[in-house]
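Throughout, numbering of the chain's residues begins at 1 and tracks the sequence.
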Amino acid sequence: MGEGNERNQLCECGSGKKRKKCCKDKKPRIQSVNMDMENPIAITSYELTSNGELKLFVDGQEVTPKMANLNISLDRPNKKIKQTLKINQNPMNLQTDLNALLHDYDFIYAVDTNTSNSLINDEYFSVGVALEYKNYKKQELQFQSSFTIQLNHKEKYLAEKLGIIELIKKIIIDKSLETNDLKILLVTDHDLGNIDRYNSREIPMIEDTDLYLPKNFTLVYASADKKNDSILNSMISQCDQEASRILKETMR
């Protein structure tokens, strides 16, 4: 395929834009599929289909990992590699195409929380902003709404998690998740190191509580300061900017 045709293809980042208007000229990213095979194993071959599906083989027999993530990272000279996206995926259907992964969900939300630097009446004040997108016919992401979450709390480090928990409560009520099987993807730029443990329900969202991630939800990490890496990064960046603006106006 010629360069002109490649420029007019949809960008791999999932933004829905043509490549020439999105990621063509940005610094190269490293896209990888990280897997937990549970036990040491030597992959002898693999198959990558034209639609991005990945299959692994050991001596001709297909094998399935216990857990898998699609990752996007930025390799920075003389600096530590910066991970900009981490999304959990079904190990039975490994994908290298972010768009294909997103189409597995009914709704996608992003939430980011900004917090005051000083105490007000012995409490911190936080503003969270959330965006909601509907996956129309599992083919097209359509913006639905945005809303604000306001919090007063004692521990500053809990602000992001409290914002996520408040959003989850709202979604469960609004979408009647107690009675249906809608699949929800929830984007955050918080606590990258524990994303897998939250998704596996190994640990609660807040230590020493029973607040585990509900079964309908999958958490994904996206860096807010790399908004052009994917539509998920763009969503969390918008949340961050709007939360910061509202917080500054409220604190005046």
Side-chain angles (χ1 to χ4, degrees), residues 84-86 105-135 141-180 182-195 197-199 201 203-227 230-252:
T84 63
L85 181 73
K86 180 177 185 178
Y105 295 91
D106 297 290
F107 289 89
I108 299 177
Y109 293 82
V111 60
D112 191 71
T113 303
N114 280 253
T115 303
S116 61
N117 290 320
S118 56
L119 292 168
I120 303 172
N121 297 325
D122 295 324
E123 290 185 320
Y124 289 100
F125 175 70
S126 296
V127 174
V129 170
L131 298 180
E132 175 190 9
Y133 279 74
K134 181 179 181 179
N135 201 345
L141 294 181
Q142 296 183 344
F143 174 74
Q144 298 295 297
S145 63
S146 64
F147 41 90
T148 302
I149 301 167
Q150 295 190 358
L151 303 163
N152 292 289
H153 50 95
K154 296 288 187 180
E155 303 290 347
K156 187 175 183 179
Y157 75 95
L158 288 178
E160 293 280 5
K161 291 180 180 179
L162 292 173
I164 293 171
I165 289 169
E166 288 302 310
L167 175 59
I168 288 173
K169 290 178 181 178
K170 177 177 171 57
I171 296 170
I172 289 174
I173 294 172
D174 290 353
K175 305 303 180 188
S176 302
L177 293 188
E178 299 289 350
T179 58
N180 65 51
L182 292 175
K183 295 182 69 175
I184 308 295
L185 189 68
L186 184 51
V187 186
T188 178
D189 67 348
H190 175 66
D191 208 1
L192 169 61
N194 281 317
I195 290 290
R197 301 177 74 193
Y198 295 138
N199 282 324
R201 284 70 183 175
I203 60 174
M205 297 294 296
I206 296 179
E207 190 177 1
D208 298 325
T209 72
D210 59 356
L211 297 171
Y212 289 85
L213 189 69
K215 66 176 183 178
N216 302 66
F217 290 78
T218 299
L219 275 178
V220 54
Y221 173 85
S223 174
D225 62 354
K226 299 297 178 185
K227 64 180 181 180
S230 76
I231 188 172
L232 305 184
N233 295 86
S234 177
M235 288 173 65
I236 200 69
S237 178
Q238 291 178 60
C239 292
D240 176 48
Q241 292 176 22
E242 186 63 8
S244 178
R245 182 189 67 79
I246 294 174
L247 180 64
K248 288 179 181 178
E249 289 185 356
T250 304
M251 298 299 292
R252 285 177 182 172

Report the distance from atom [atom1] of [X] to atom [atom2] of [Y], rounding to the nearest 0.5 Å.
X    : Y    : atom1 : atom2 : result
L192 : T84  : CG    : OG1   : 10.0 Å
I164 : D191 : CD1   : CG    : 8.0 Å
Y109 : F217 : OH    : CZ    : 7.5 Å
L211 : K169 : CG    : NZ    : 7.0 Å
I195 : T218 : CD1   : OG1   : 10.5 Å
Q142 : I108 : CD    : CD1   : 12.0 Å

For a quick test of reading the model, state the closest non-hydrogen atom pair linking [X] to [Y] and the distance between them.
X    : Y    : result
C239 : A110 : SG-O, 3.4 Å
Y198 : I203 : CE2-CD1, 3.6 Å
I236 : T188 : CD1-CA, 3.9 Å
L213 : R201 : O-NE, 2.9 Å
S126 : A159 : OG-CB, 3.5 Å
V129 : I246 : CG2-CD1, 3.9 Å

Are there over 12 heavy-atom neighbours, none belonging to [X], within less than 6.0 Å of that residue's [atom1]?
X    : atom1 : value
K161 : NZ    : yes
K156 : NZ    : yes
E207 : CD    : no
K215 : NZ    : no
D122 : CG    : no
K183 : NZ    : yes

Check for a donor-acceptor pair, side chain of [X] on one end and backbone N or O of [Y] on the other, with a separation under 3.5 Å.
X    : Y    : value
N199 : L219 : yes
D240 : D112 : no
N216 : I184 : no
S116 : F125 : yes
E155 : H153 : no
N233 : L85  : no

Would you say that [X] contacts [Y] through its side chain, given a criterion of any heavy-atom pair below 4.5 Å between the two side chains?
X    : Y    : answer
Q238 : L131 : yes
D225 : D189 : no
L177 : P214 : no
S146 : E242 : no

**Message:** Exactly one of N114, I149, L247 should register a side chain to side chain contact (heavy atoms under 4.5 Å, CB included) with V127. Which one does?
**Reply:**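 Of the listed options, the one satisfying the test is L247.
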
**Prompt:** Knowing that exactly one of T113, I171, L151 qualifies, which makes a side chain to side chain contact (heavy atoms under 4.5 Å, CB included) with E166?
**Reply:**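 That would be L151.
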
**Asked** Can K175 and D106 be said to form a salt bridge (charged side-chain N to carboxylate O under 4.0 Å, His left out), step by step?
**Response** CA-CA 11 Å; K175 305 303 180 188; D106 297 290; over 6 Å; no

**Prompt:** Do E132 and K170 sit within salt-bridge range, that is, some charged N less than 4.0 Å from a carboxylate O?
**Reply:**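 Salt bridge: no.
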
**Request:** Quick one: do N152 and Y124 satisfy side chain to side chain contact (heavy atoms under 4.5 Å, CB included)? Show the steps, please.
**Result:** CA-CA 6 Å; N152 292 289; Y124 289 100; over 6 Å; no

